[in-house]
Colleague: 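Just dropping this structure here.
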2 protein chains.
Amino acid sequence: MNTDPDPRFQRSRQAILSAARELLLEKGPVAVTHAQVAERAGVGRATVYRHWPRPDELLAEAMATVPMPLLDNPTVPTRQWLTRELTTLAQQLELADVRAVATTLASTALWDHQMDARRAQFATILADRLASALDTAHDRGEVTLTLPVRDAAAFLVGPIYYRSTIEHGPAGSTLIETLIAAIGTWTTP
Amino acid sequence: MNTDPDPRFQRSRQAILSAARELLLEKGPVAVTHAQVAERAGVGRATVYRHWPRPDELLAEAMATVPMPLLDNPTVPTRQWLTRELTTLAQQLELADVRAVATTLASTALWDHQMDARRAQFATILADRLASALDTAHDRGEVTLTLPVRDAAAFLVGPIYYRSTIEHGPAGSTLIETLIAAIGTWTTP
DNA sequence: GCGCTATGAGTCAAGGTGTCTCATAGAATG
DNA sequence: CATTCTATGAGACACCTTGACTCATAGCGC
């Protein structure tokens, strides 16, 4: 990416990104404008223009600085891996900035191609990791699935995502354990 | 509500609401401004101000004109009712305007109290209807649930919502049947 | 036909946006 | 340390949008 070593450049860049992320978190994506970001970052308005001529690209990069809860690479036993990863995902979705990025992504993806590409990438990674983990578990005789592996992401992540973004509550361990138990017949406890 | 019988008033009101809904669907909530709505509706800009002094209230009312997929009042047998209602909900979530309203609601609820109230109302209605239906089913001996009834909405609606808003695909009958089967032990087929 | 009123076109000030210039401070180089 | 380069901040500028107002007009109920 940009390898400009000038510390002034990097300082401004980081200050602007932080300010944009704060504004997104506090006031939503519409608050990420050149003027508001510049004031929050303590830099000149022209500086923001030089770094990001368009506000939507700044918003996109600011959103990218928030670590989204993707799943770690699968390990065995798969059931323990699932418990661990879904619990982590649920905890991450309780963080205000993660929830802000997730809902903003889902919403703006409907009208912005760049955001839609990020949404698709996010969905694909989650689905692929789950599919690969469950395929492995099946091959190892750990589980017999009750649904197509392509539905696993919706089945497992959907409830946690809904609980967080629509019901605004925490996805407890009971719900997570029920989900894992319901995805198939486990031979391991 | 407003019972002004003057047809001019009602005509303008409907034209403005339709235009706002179209703009929301085509360009997203940020496109619902007085100027754009007025042009789309074919009315004067001042007329939009007279009807809705603030754009966010216009957006809220325009969103309210899109019928959101709540569940019908529960009937028995509960399993058939669930299949029917969840299938309808999945179909509704495939409509572009329903998806636009749902994701806009989830997103703006984080920064707008009025929208958050609507989100909470929506979540409560779904959870209550499902809870009441499943309580009835349990009392009738139709099913033994494998999770607290308060988790039913996340468990059943979450995957459909995730499939639609994140994966941008249809929730097929296989997924829906699997969900219903997994929520407990059914004594009825 | 006659009041009444919502409308549309227009004006206007205020504020935000995008673009440019220029002096300056900070960084790299010798 | 001196010199050169460059990112910056402040400001100026035209442009557009927003919010608020006026007023003649057309459509409505009576």
Colleague: Measure CZ/A:R13 against P/D:dT8 and give the value in whole Å, please.
Modeller: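 After rounding, the gap between these two atoms is 11 Å.
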Colleague: If we ignore hydrogens and angles and just use 3.5 Å, is the side chain of B:T108 paired with the main-chain N or O of B:T104 as donor and acceptor?
Modeller: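 Yes, because the side chain of B:T108 sits within donor-acceptor range (under 3.5 Å) of the backbone of B:T104.
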Colleague: Taking only the side-chain heavy atoms of A:Y49 (C-beta and beyond), determine which of C:dA27, C:dG18, D:dG29 contains the nearest atom.
Modeller: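 The nucleotide sitting nearest to the side chain is C:dG18.
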Colleague: Output the distance between atom CZ (B:F122) and atom CZ (B:R118), rounded to the nearest 0.5 Å.
Modeller: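 Rounded to the nearest 0.5 Å, the CZ-CZ separation comes to 11.0 Å.
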Colleague: Which part of the nucleic acid does B:R54 contact within heavy-atom distance under 4.0 Å: base, sugar-phosphate only, or nothing?
Modeller: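 No contact.
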Colleague: Write down the distance between CZ (A:R50) and C1' (D:dG9), rounded to a whole number of angstrom.
Modeller: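 The answer, rounded to whole Å, is 8 Å.
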Colleague: Donor-acceptor check, side chain of B:S164 to backbone of B:I160, threshold 3.5 angstrom: yes or no?
Modeller: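 No; zero donor-acceptor contacts below 3.5 Å.
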Colleague: Charged N to carboxylate O under 4.0 angstrom, B:R150 versus A:E167?
Modeller: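 The answer is no: the pair does not qualify as a salt bridge.
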Colleague: How long is the line joining CG of B:L58 and P of D:dG19, in whole Å?
Modeller: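 Rounded to the whole Å, the gap is 12 Å.
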Colleague: How long is the span from the OG1 atom in B:T185 to the CG atom in B:L145, to the nearest 0.5 Å?
Modeller: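 Between atom OG1 of B:T185 and atom CG of B:L145 there are 9.0 Å.
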Colleague: Nearest-Å distance, CZ (A:R11) to C1' (D:dG9)?
Modeller: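 Atom-to-atom, A:R11 to D:dG9, this comes out as 14 Å.
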Colleague: Can a side chain N or O of B:H51 be found less than 4.0 Å away from OP1 or OP2 on C:dA6?
Modeller: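 Negative; the distance criterion is not met.
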Colleague: Could you tell me the separation between the CD1 atom of B:I16 and the C1' atom of C:dA6, rounded to a whole number of Å?
Modeller: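 In whole Å, C:dA6 C1' lies 11 Å from B:I16 CD1.
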Colleague: Check each residue of residues 25-42 of chain B for a non-hydrogen atom within less than 4.0 Å of any atom in DNA chain C, then write out the ones that pass by number, or none.
Modeller: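 Nucleic-acid contacts, sorted: B:G42.
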Colleague: Are any side-chain N or O atoms of B:W52 and backbone N or O atoms of B:H34, one a donor and one an acceptor, separated by less than 3.5 Å?
Modeller: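 Checking the backbone N and O of B:H34 against the side chain of B:W52, no donor-acceptor pair under 3.5 Å is found.
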Colleague: CH2 of A:W52 versus P of C:dT17: gap in Å, rounded?
Modeller: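 From A:W52 CH2 to C:dT17 P: 18 Å.
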Colleague: Grouping I, L, V, M, F, W and Y whenever their side-chain heavy atoms are under 4.5 Å apart, do B:L24 and B:L95 come out in a common cluster?
Modeller: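 As far as the 4.5 Å side-chain criterion goes, B:L95 and B:L24 are connected within one cluster.
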Colleague: Of B:R45 and B:R8, whose closest DNA chain D nucleotide lies nearer the 5' terminus?
Modeller: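 On the 5' side of the pair lies B:R45.
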Colleague: What's the closest nucleotide to the side chain of B:P7 if the choices are C:dG8, D:dG29, D:dG19?
Modeller: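 When the side chain of B:P7 is considered, D:dG29 is the closest of C:dG8, D:dG29, D:dG19.
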Colleague: Return the value, rounded to whole Å, for the distance between atom CZ of A:F9 and atom P of C:dA28.
Modeller: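 Computing the A:F9:CZ to C:dA28:P distance gives 14 Å.
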Colleague: Think A:T47 has a side-chain N or O under 4.0 angstrom from the OP1 or OP2 of D:dG9?
Modeller: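 For D:dG9, OP1/OP2 do have a side-chain N/O of A:T47 under 4.0 Å.
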Colleague: Given atom CD of A:Q10 and atom P of C:dA28, what is their separation to the nearest angstrom?
Modeller: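 In whole Å, C:dA28 P and A:Q10 CD are 11 Å from each other.
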Colleague: Looking at B:S12, does any N or O in its side chain come under 4.0 Å of the phosphate oxygens OP1/OP2 on C:dT7?
Modeller: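 The answer is yes; a side-chain N or O of B:S12 sits under 4.0 Å from OP1 or OP2.
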